[in-house]
Amino acid sequence: MVMKPQDSVLWKNRWLLLIIILALFLRLIDIRQPYIGLSSWNEAHYSLAPLNYFKYGRLMPMNDYGLDLSTTPLLYWAIYASYRLFGVSEWAARLPSLISGLISLFLIFRLAERTCDRDTAYLGTVIAATMPGIVYFSRSVQLESMTTMFALAAALALFNYADSDSDKWFWASAAFLSLAIFVKYTSIVIVPALLWIWFYYVKQSKLKANHVKLAAYVVLPLLPSLLWIYYGATVTPVFMKSYFFRPTDYVSLASISHSLSRAFFEFLPINLGRLQFYLLISGIPILAANIKKQGFFLLLGTTWLALVIKYPQTYINNWYYDYTALYAFAVLSGYILSVVLRSLTQGVSERNKKTALSLLLIVILLVNAQGYYTPFHTYFTDARADFQAAGEPEPFYSARLIAEQNTGHKPVMVAWPSTMYYAGADPAYVSAFHFQDDKIESGISEGRYEYVALYYPLTKELAELLDGSGYEKIAPRAWRKRP
């Protein structure tokens, strides 16, 4: 019997496939950008270890901190594999995150379809595909995209366990949860949302018979991460302690209030896009009326606030802690829209319904495109303008020149991971000092470095220190010791 085209899996999922293709196009727009702008610190930081794998091996993550075992190697290995396949470049480093983001769209569609309906699934996935913060951070060299993919896979597998008698889905969910936490420890905040699935959707007969299994589900996924933390604490105890207990994150009522206010009134509207932000605010009554039905997404969308409370200052410096929650907000926005549309289009012909839906999708795309362009794309254009104002013909021209000239791998001093990435990348001879002006000044005055590359406003005093310490300017932001 010959299968008809309309019976194929691709045809049945053609609209989802088109949404994912649209998402791919949006994420490719800035994929070749250098490490400048909003995520420059993180992108360079997470790209350095895979780049140094070529010298030190795949179990020695060397970056701007030297040997850095605070981060587990899963993302590093994926970037390294991309480097091996496509060569070392910014877009190759971003590729694993981009792929994880596209898979996340498929997963969020299935989750929305399972908990709500197909209309909500399509609307929620379109919103997730075009949401400014998701577009930007799903393609950045960071941990968020990969850990979110595994978290959503854990949730979908647990729903499948609730719908079947097969233990394979239970253990698959536990494995995906373990991978999510292993990629980024703070992904443990998704556990309450997963427990909602367990207690609300898993059959009571299963629940009563499997308390031990529930305990195993919560505890076993932590073991790989705990083993890695123990390994890191054994090899680099001082650094690991500083990673988990950050003195800059002074927790007080004032610091928490400040971080939460910026989260709700500054960062979240930017990441969500203004359309989704106002839609969620106005749709609170609809969500409140269906709180049990939307319990999973409501928990997924709110538990990240625990990180803001625990790390208030770090959150302000890194305002992507809500990344996983953005997918939940996309589905909740889609649900609000589907409820409103059904109410407004009662008695309307099917053709007019499709016309109204098409117009709505166009509005979502246009508004979110503008929300991505300003501010996310303009972070790149503004950063390029800053380089040009400093006399750089291209971003990091001075750092690249040092890497080209420094064939003997003489000591280099830089201030940022991004500068380090382009100036040689190897911590054996490139030293990065983040926010440590005293060490930068002492390194210059004592002449410990053959080359210096600085990419922040150069004060008159620092310029005079370089000149008086025997350095000559070889590029707009690069200096070399005089022979």
Side-chain angles (χ1 to χ4, degrees), residues 14-33 37-39 98 101-102 104-106 108-109 112 116 118-140 145 264-284 286 301 319-320 322-323 325-345 348 350-382 384:
R14 62 192 182 280
W15 298 116
L16 177 59
L17 183 61
L18 286 173
I19 294 169
I20 293 176
I21 291 172
L22 170 64
L24 174 62
F25 171 76
L26 294 174
R27 286 150 180 75
L28 289 176
I29 291 173
D30 286 319
I31 197 169
R32 292 183 178 273
Q33 293 279 4
L38 178 62
S39 297
L98 184 150
L102 296 179
S104 295
L105 292 175
F106 169 80
I108 204 67
F109 177 86
C116 303
R118 205 164 177 83
D119 290 343
T120 298
Y122 277 121
L123 285 169
T125 308
V126 167
I127 291 171
T130 60
M131 187 180 289
I134 292 181
V135 172
Y136 184 85
F137 291 113
S138 69
R139 189 244 5 254
S140 296
S145 188
F264 284 112
F265 299 110
E266 183 179 354
F267 301 139
L268 195 56
I270 292 174
N271 287 345
L272 282 170
R274 300 290 173 179
L275 176 65
Q276 284 79 227
F277 180 74
Y278 293 124
L279 182 63
L280 284 167
I281 297 298
S282 61
I284 287 175
I286 295 174
W319 39 282
Y320 46 78
D322 60 2
Y323 175 79
L326 295 179
Y327 286 88
F329 291 139
V331 173
L332 295 174
S333 299
Y335 178 73
I336 294 168
L337 280 177
S338 67
V339 171
V340 172
L341 282 174
R342 279 196 295 269
S343 175
L344 293 177
T345 57
V348 177
E350 197 64 31
R351 180 178 179 179
N352 288 338
K353 284 183 182 179
K354 290 181 179 179
T355 302
L357 180 60
S358 299
L359 291 173
L360 176 62
L361 294 177
I362 291 172
V363 170
I364 291 172
L365 178 59
L366 291 177
V367 173
N368 283 343
Q370 192 279 330
Y372 174 80
Y373 185 84
T374 306
F376 290 104
H377 177 73
T378 53
Y379 280 117
F380 293 120
T381 55
D382 291 348
R384 284 185 176 275

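Keep in mind it's a predicted model, so treat the numbers as computed, not measured.
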Can you measure from CG (Leu337) to OG1 (Thr120) and round to the nearest 0.5 angstrom?
9.0 Å
Please tabulate, for the side chains in residues 18-25, all donor-acceptor contacts under 3.5 angstrom to protein atoms that are two or more places apart in sequence or on a different chain.
none

Salt bridge (Lys or Arg N to Asp or Glu O under 4.0 Å) filter on Arg274, not counting sequence neighbours, yields none
Between the CD1 atom in Ile336 and the CZ atom in Phe329, the distance rounded to the nearest 0.5 Å is 10.5 Å
For the atom pair OH (Tyr323) and OG (Ser140), what is the distance rounded to the nearest 0.5 Å?
9.0 Å
side-chain contact (heavy atoms from CB on, under 4.5 Å) evaluation trace for Leu279 with Leu272:
CA-CA 10 Å; Leu279 182 63; Leu272 282 170; over 6 Å; no
Would you check if the side chain of Asp382 reaches a backbone N or O of Pro375 as a donor-acceptor pair within less than 3.5 Å?
no
Evaluate the ring planes of Phe376 and Trp319, with Trp represented by its six-membered ring, and classify them as parallel (under 30°), tilted (30 to 60°) or perpendicular (over 60°).
tilted
So does Gly101 get a backbone contact from the side chain of Ser145, meaning a donor-acceptor N/O pair under 3.5 Å?
yes
With a cut-off of under 6.0 Å to the ring centre and 45° to the axis, is Arg139 in cation-pi contact with Phe137?
no
Non-neighbouring partners of Tyr372 that pass ring pair (Phe, Tyr, Trp, His ring centres under 6.0 Å), sequence neighbours left out
none
Non-hydrogen side-chain atoms of Phe109 and Arg118 separated by less than 4.5 Å:
yes
Nearest heavy-atom pair of Ala112 and Val331: which atoms, and what distance?
CB-CG1, 3.8 Å
Nearest 0.5 Å, what's the NZ-CG distance between Lys354 and Leu357?
10.0 Å
Main-chain N/O of Tyr278 paired to Ser282 side chain as donor or acceptor, under 3.5 Å:
yes
Within the 4.5 Å heavy-atom criterion, are Ile127 and Leu275 side-chain neighbours or not?
no
When you measure from the side chain of Ser343 to the backbone N and O of Val339, does any donor-acceptor pair fall under 3.5 Å?
no
Sub-4.5 Å side-chain heavy-atom contact between Asn271 and Ile134
no
State whether a side-chain donor-acceptor pair under 3.5 Å links Asp119 with Ser338.
no
To the nearest 0.5 Å, what is the distance between CG on Leu332 and CD on Gln276?
11.5 Å
Indicate yes or no for a side-chain donor-acceptor contact from Thr125 to the backbone of Tyr122 under 3.5 Å, with no hydrogens or angles considered.
no
Side chains of Tyr136 and Ser39 in contact at under 4.5 Å (non-hydrogen atoms):
yes
From Thr130 OG1 over to Leu26 CG, what is the distance, rounded to the nearest 0.5 angstrom?
7.0 Å
So, do Asn352 and Thr345 sit near enough that their side-chain heavy atoms are less than 4.5 Å apart?
no
